[in-house]
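Note: hydrogens, waters and symmetry copies are ignored here, and every other heavy atom, side chains too, is used. Residues: numbered from 1 along the sequence shown. Counting convention: from 1, in listed order, for ligands and their atoms alike.
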Amino acid sequence: MTLTIRRVQALEILDSRGRPTLAVTVELSDGTRATAKVPSGASTGRHEAVELRDGDPGWHEGQGVRRAVASVEQALGPAVEGLPAEEQATVDRRLVELDKTADKSFFGANAILGISCAVARAAAQANRLELWRYLAGGRSPRLPVPMINVISGGLHAGRAIEFQDFMVIPHGFSSLAEALEAAGRIRRLVRQRLEALGYRLTGIADEGGWGPRLERNEAAIEILADAIARAGFRPGEQIALAVDVAATHFFRDGRYQLISENLRLSGEAMIERMEQWCRRYPLVSIEDPLAEDEWRDWRQLTARLGQDTQIVGDDLFATNLERVARGIEEGLANAVLVKMNQIGTLTETFAVVERARQAGWRAVVSARSGETEDDFLADLAVASGAGQIKIGSLAGSERLAKYNRLLEIERFARLPFDPRASGLPLPG
Ligand code: PGA
Ligand code: ZN
């Protein structure tokens with residue numbers, strides 16, 4: 001008997017920043033019920049699908065999502081009721097068609113994504129399958145190697161420094177459990193080092209990293225490299241470095257405004273800086289080193305660094321298939337960051353990973369800075385075979401839910417931890 005969607009409900013809940021987001025619950029014809037919770041970014045790109053907020057100043061300063069909740073219950077939900085729950089593409093197509101806009105601004109990508117994910121989770125549950133296995137279908141599932149935030153800047157840390165994420169990639173370990181243990185050690189050593197240097201750490205940034213007010217952006221990467229050495233690893237050999245510059249968010253009037261360093265850099269100067277960092281540090285992955293619409297500079301940078309370094313487009317591509325396809329044609333990068341809520345449906349998310357793979361590009365499945373305790377992302381990363389995941393730091397239940405789910409999958413599904421399969425340019 002075909003499993004169909006019987007009812008869709010939604011609720012306004014709060015995310016890891018205490019801002020409203022949606023939980024969507026889907027009930028199937030066999031009585032199965034499942035819920036998905038929607039993430040939300042802060043350093044959002046211009047080309048992302050639209051996250052609908054109420055704009056009512058009397059409710060969460062305009063950030064409420066009660067209109068999106070109403071859309072789910074009164075328009076989108078009823079439109080998918082009766083559809084076969086196991087036909088994700090059909091369900092997603094119906095949602096996209098109903099919205100009619102290219103950027104999902106009519107009903108909101110937050111409303112649409114909540115339904116898309118809840119339907120998948122309910123269908124997996126009804127089939128008594130682990131979510132990752134259900135989502136994988138015919139794809140080869142893979143345990144991803146994590147890039148783990150240790151020091152934060154930019155919009156996630158009150159712009160203490162401008163570059164957004166300084167991360168470690170613990171690749172030289174035979175299990176994810178050991179990789180996370182090592183990353184945790186680095187995180188503690190970095191804290192000790194920062195305190196020894198006189199920085200006061202009174203809290204953590206949005207993704208759980210330390211957010212010290214350093215004098216220069218490069219200090220963050222120096223401190224990370226130093227902590228790796230102190231932990232007894234040879235930098236690069238077991239633990240490599242990654243950065244997310246998130247350059248769109250400090251690009252004004254054609255210049256990259258590094259207030260902390262009192263500098264205004266041209267695109268060319270940013271490229272040179274990245275080139276220097278690649279020479280000095282075991283930096284294997286650079287995300288958004290340039291602003292989202294500076295295509296000529298992206299092409300330049302990828303031509304110069306792309307051979308030995310992963311160049312990831314986040315704001316640049318916004319998980320949008322057309323933008324990724326153009327990026328591939330024009331050689332703008334060699335990897336894509338994949339965020340479900342940048343595009344709004346599971347089907348479109350998988351299509352982006354698939355397109356990247358066809359081109360020989362890498363894909364990094366990513367959380368948002370505003371997250372919930374939902375661990376869907378871990379299953380998505382495994383199911384897509386993307387090979388890499390970016391969740392944030394080892395702090396906060398909204399991040400740990402996903403790391404812990406990966407540990408569970410590693411242990412019980414017995415998937416091997418094989419960072420080389422990620423395509424990352426790793427040493428050795
Ligand atoms: P965001 O940050 O969720 O605030 O957009 C994550 C990222 O830039 O990768
Ligand atoms: Zn980013």
Side-chain angles (χ1 to χ4, degrees), residues 15-19 21 37-51 53 63 109-110 113 144 146-169 204-209 211 217 242-251 256 270 274 285-294 298 301 310-320 323-324 327 332-333 335-344 349 352 362-372 374 376-377 380-381 386 388-393 395-396 398-399 402:
D15 72 11
S16 53
R17 276 189 281 252
R19 287 212 319 187
T21 187
K37 300 171 184 173
V38 179
S40 168
S43 63
T44 49
R46 209 158 65 81
H47 307 285
E48 295 192 19
V50 172
E51 177 184 84
R53 298 209 175 258
Q63 300 297 318
N110 41 354
L113 181 67
M147 34 176 86
I148 301 171
N149 178 301
V150 180
I151 297 178
S152 291
L155 288 170
H156 298 167
R159 296 190 192 268
I161 46 177
E162 289 75 21
F163 288 23
Q164 184 179 277
D165 299 321
F166 294 85
M167 298 171 284
V168 291
I169 301 180
I204 53 173
D206 286 3
E207 295 196 355
N217 287 278
V243 294
D244 178 4
V245 179
T248 302
H249 306 283
F250 54 90
F251 184 64
Y256 297 90
M270 283 291 278
M274 291 296 104
S285 179
I286 304 175
E287 179 181 331
D288 282 358
L290 297 158
E292 60 200 349
D293 293 316
E294 298 300 295
W298 273 92
L301 181 139
Q310 173 169 279
I311 310 294
V312 190
D314 171 12
D315 291 346
L316 175 69
F317 298 133
T319 316
N320 181 305
R323 290 184 68 85
V324 172
L332 299 188
V336 54
L337 201 78
V338 179
K339 291 168 167 167
M340 292 185 283
N341 79 325
Q342 279 182 330
I343 190 65
T349 303
V352 163
R362 304 143 189 140
V364 185
V365 168
S366 172
R368 300 305 306 242
S369 51
E371 272 293 338
T372 71
D374 196 327
F376 196 106
L377 193 81
L380 172 75
Q388 298 179 58
I389 192 169
K390 178 183 163 191
I391 302 173
S393 202
E398 78 282 9
R399 316 276 151 206
K402 292 142 182 92

Output yes if Glu287 passes the N/O/S-under-2.8 Å test against the Zn ion (ligand 2); output no otherwise. yes
State the atom name: nearest N, O or S atom of Asp244 to the Zn ion (ligand 2). OD2
Closest Asp314 atom to the Zn ion (ligand 2) [N, O or S only]: OD2
Evaluate [X] for polar contact with ligand 1, using N/O atom pairs at a separation under 3.5 Å.
X      : value
Asp244 : yes
Arg17  : no
Ser40  : no
Leu337 : no

Protein heavy atom at shortest distance from [atom]:
atom                   : value
atom 5 (O) of ligand 1 : Arg368 NH2, 2.7 Å
atom 7 (C) of ligand 1 : Lys339 NZ, 3.1 Å
atom 8 (O) of ligand 1 : Gln164 NE2, 2.8 Å
atom 9 (O) of ligand 1 : Lys390 NZ, 2.7 Å
atom 4 (O) of ligand 1 : Ser369 OG, 2.6 Å

Mode of Asp206 contact toward ligand 1 - side chain, backbone, both, neither (heavy atoms, under 4.0 Å): neither
Under a 4.0 Å heavy-atom limit, does Asp315 contact ligand 1 with its side chain, its backbone, both, or neither? neither
Minimum heavy-atom separation for [X] and [Y], please, with both atom names.
X      : Y      : result
Asp315 : Thr44  : OD1-C, 4.0 Å
Val312 : Ser285 : CG2-OG, 3.5 Å
His156 : Glu207 : CE1-OE2, 3.5 Å
Thr319 : Val352 : O-CG2, 3.4 Å
Ile161 : Ser152 : CG1-O, 4.4 Å
Ala205 : Ala157 : CB-CB, 3.9 Å

Between Phe250 and Phe163, how do the two ring planes meet: parallel, tilted or perpendicular, split at 30° and 60°? parallel
Hey, is Asp288 one of the residues with a heavy atom under 4.0 angstrom from ligand 1? no
Heavy-atom contacts with [X] under 4.0 Å: which atoms of ligand 1 show up? List them by number with element.
X      : result
Asp314 : 7 (C), 8 (O), 9 (O)
Glu207 : 2 (O), 6 (C)
Glu287 : 9 (O)

What is the distance from atom CD of Gln310 to atom CE of Met147, rounded to the nearest 0.5 Å? 5.0 Å
Within the structure provided, determine whether Met270 and Leu301 are in side-chain contact (heavy-atom separation under 4.5 Å). no
Starting from the C-alpha separation in whole Å, work towards a yes-or-no answer on side-chain contact (heavy atoms from CB on, under 4.5 Å) for Asp288 and Trp298. CA-CA 9 Å; Asp288 282 358; Trp298 273 92; 3.6 Å; yes
Taking the side chain from Lys37 and the backbone from Glu371, do they hold a donor-acceptor pair closer than 3.5 Å? no
